[in-house]
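The block underneath contains the structure these notes are about, expressed in structure tokens.
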There are 2 protein chains.
Amino acid sequence: MPKQATQDIETRIAALLKRCDLSVTESRRKILHLFLEQPGALAHGDIERKAGEKFDRVTVYRTLQAFVEKGIIHTIPTADNSIRYALCKDECSGGHHHDHHVHFVCSQCDNTYCLDDVVTPDIKLPKGYQAEHVEVVVEGVCKNCKG
Amino acid sequence: MPKQATQDIETRIAALLKRCDLSVTESRRKILHLFLEQPGALAHGDIERKAGEKFDRVTVYRTLQAFVEKGIIHTIPTADNSIRYALCKDECSGGHHHDHHVHFVCSQCDNTYCLDDVVTPDIKLPKGYQAEHVEVVVEGVCKNCKG
DNA sequence: ATGAAAAGGCAACATAGTTGCAAAATCTTA
DNA sequence: TAAGATTTTGCAACTATGTTGCCTTTTCAT
Ligand SMILES: [Mn+2]
Ligand SMILES: [Mn+2]
Ligand SMILES: [Zn+2]
Ligand SMILES: [Zn+2]
């Protein structure tokens, strides 16, 4: 692992936190690191496990909550009732989320992906219903698992 | 409340349970009743509350689980990580679900509706991803709250 | 370096969901 | 309709998940 590259990542992480008015702490850096070095989404449990015994459970909760509020990560609803979190594109960092992409959950490896290029379709609703936000979650077999 | 109508409902409930190879018990009848007399979906908590102190929590869990397995009800994923349950159309009762409709969660009254006539759109996925099932949940203002 | 402010750790609590087992209810069939 | 076999229920105990208050530690601005 080249020192230079690691340095860069750490710098980017610190910058992102500062830009979001979050003080740069060890747990926030660590958890953000987990998201950056991973293509898919992470469940709370994953994070707790990957972060090791190093951090208190409560800290993980509070960190994720802060990240969601600041638009660093967003939540992905799934059928099995376990919220997953994934990094937002930069544009979200403003303060409110404007993700309009589809999510994909692999039924084999259970990984969850943001399909950033697949926008959520318009849904024609019956008279009287007024849409504000559309969530689309596709379940199936992912790239890697497809044999 | 006319005796005749109540009788009919009870008969229908018993018939449905029998058709699904479920023995007709008080808790199952009661919970099925709750679904039938209500247009929207119910969360676990709702059911526990509406059924009164009469049944054990565990019984509610097991009843809902049985109903899902038999295709009597289906689950609806929501952003707030609380599974909701709603009656399936008759065709589901076979054993596996084939609901392809959109769900709607009202941000005001928090009610959840099955939009049975709004079918889930086809989603064009990137190369390599293979869809098996699509969930669409629309959040917004419902018929009753609009105004 | 120093003090104010923010975040973390701990403990205690609340809620949600699971499991094994014995008692009770339901179903079967004679 | 009266057993007996089978399911289902309730209870207790347990794990998992999430929240809150309070004090200590860390971070940040000066
Ligand atoms: Mn996403
Ligand atoms: Mn539905
Ligand atoms: Zn996969
Ligand atoms: Zn409403």
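Order of the sequence lines fixes the chain letters, A, B, ..., with proteins taken first and strands second; residue numbering starts at 1 for each chain. Quantities reported herein were computed from a predicted structural model and do not represent experimental measurements. Values below: all heavy atoms of this structure, side chains included; hydrogens, waters and symmetry mates excluded.
Protein atom CD of A/E69 is 11 Å distant from nucleotide atom P of C/dA7, rounded to whole Å. A straight line from CG of A/L64 to P of C/dG8 spans 11 Å, rounded to a whole angstrom. Distance CD (B/E53) to C1' (D/dG10): 14 Å, rounded to an integer number of Å. Atom CG of B/D56 is separated from atom C1' of D/dT8 by 12 Å (rounded to the nearest Å). For the pair B/F55 CZ and D/dT8 C1', the interatomic distance rounds to 12 Å; values are reported in whole Å. D/dT26 atom C1' lies 13 Å from atom NZ of A/K54, rounded to whole Å. Rounded to a whole Å, the CZ atom of A/R28 is 10 Å from the C1' atom of D/dT27.
Under the side-chain hydrogen bond (donor to acceptor under 3.5 Å, both in side chains) test applied with A/R84, the options A/N111, A/T112, A/D46, A/T75 reduce to a single match, A/T112. Tested against A/H74, the residues A/H100, A/H103, A/H133 include a single ring-ring contact (aromatic ring centres under 6.0 Å, His included) partner, A/H103. With A/Y129 as the fixed residue, the side-chain contact (heavy atoms from CB on, under 4.5 Å) test singles out one of B/V141, B/L115, B/V102: B/L115.
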Point to revise | Contact state string [nucleotides 22-30 of chain C, B base, S sugar-phosphate only, - no protein heavy atom under 4.0 Å] | key: ----SS---
Exercise for review: Do nucleotides 16-25 of chain D as a string where each nucleotide becomes B, S or -: B if the base has a protein heavy atom under 4.0 Å, S if just the sugar-phosphate does, - if no protein is that close.
Suggested key: -SBBBB----
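Taking the six-membered ring for Trp and thresholds of 30 and 60 degrees, A/Y113 and A/F104 have ring planes inclined between 30 and 60 degrees apart.
Within the helix from C/dA1-D/dT30 to C/dA30-D/dT1, the inter-axis angle between the opening and closing five-pair segments is 40°, rounded to 10°.
Side-chain polar atoms of A/S107 and B/E132 form a donor-acceptor pair below 3.5 angstrom.
Between A/Y61 and A/H44, the distance separating the two ring centers is shorter than 6.0 angstrom.
A/L36 and A/I72 fall within the same hydrophobic cluster, where Ile, Leu, Val, Met, Phe, Trp and Tyr residues are linked whenever their side-chain heavy atoms come under 4.5 Å apart, directly or through other members. There is no path of hydrophobic side-chain contacts, each under 4.5 Å, that joins A/V137 to B/I76. If you chain together hydrophobic residues whose side chains sit under 4.5 Å apart, A/L34 and A/Y85 fall into the same group. Linking Ile, Leu, Val, Met, Phe, Trp and Tyr residues whenever their side-chain heavy atoms come within less than 4.5 Å leaves A/V58 and A/I83 in two separate clusters.
Distances shown here put every side-chain N or O of B/T59 at or beyond 4.0 Å from the OP1 or OP2 atom of D/dT9.
The side-chain heavy atoms of A/R29 and A/E10, taken from C-beta on, include a pair separated by under 4.5 Å.
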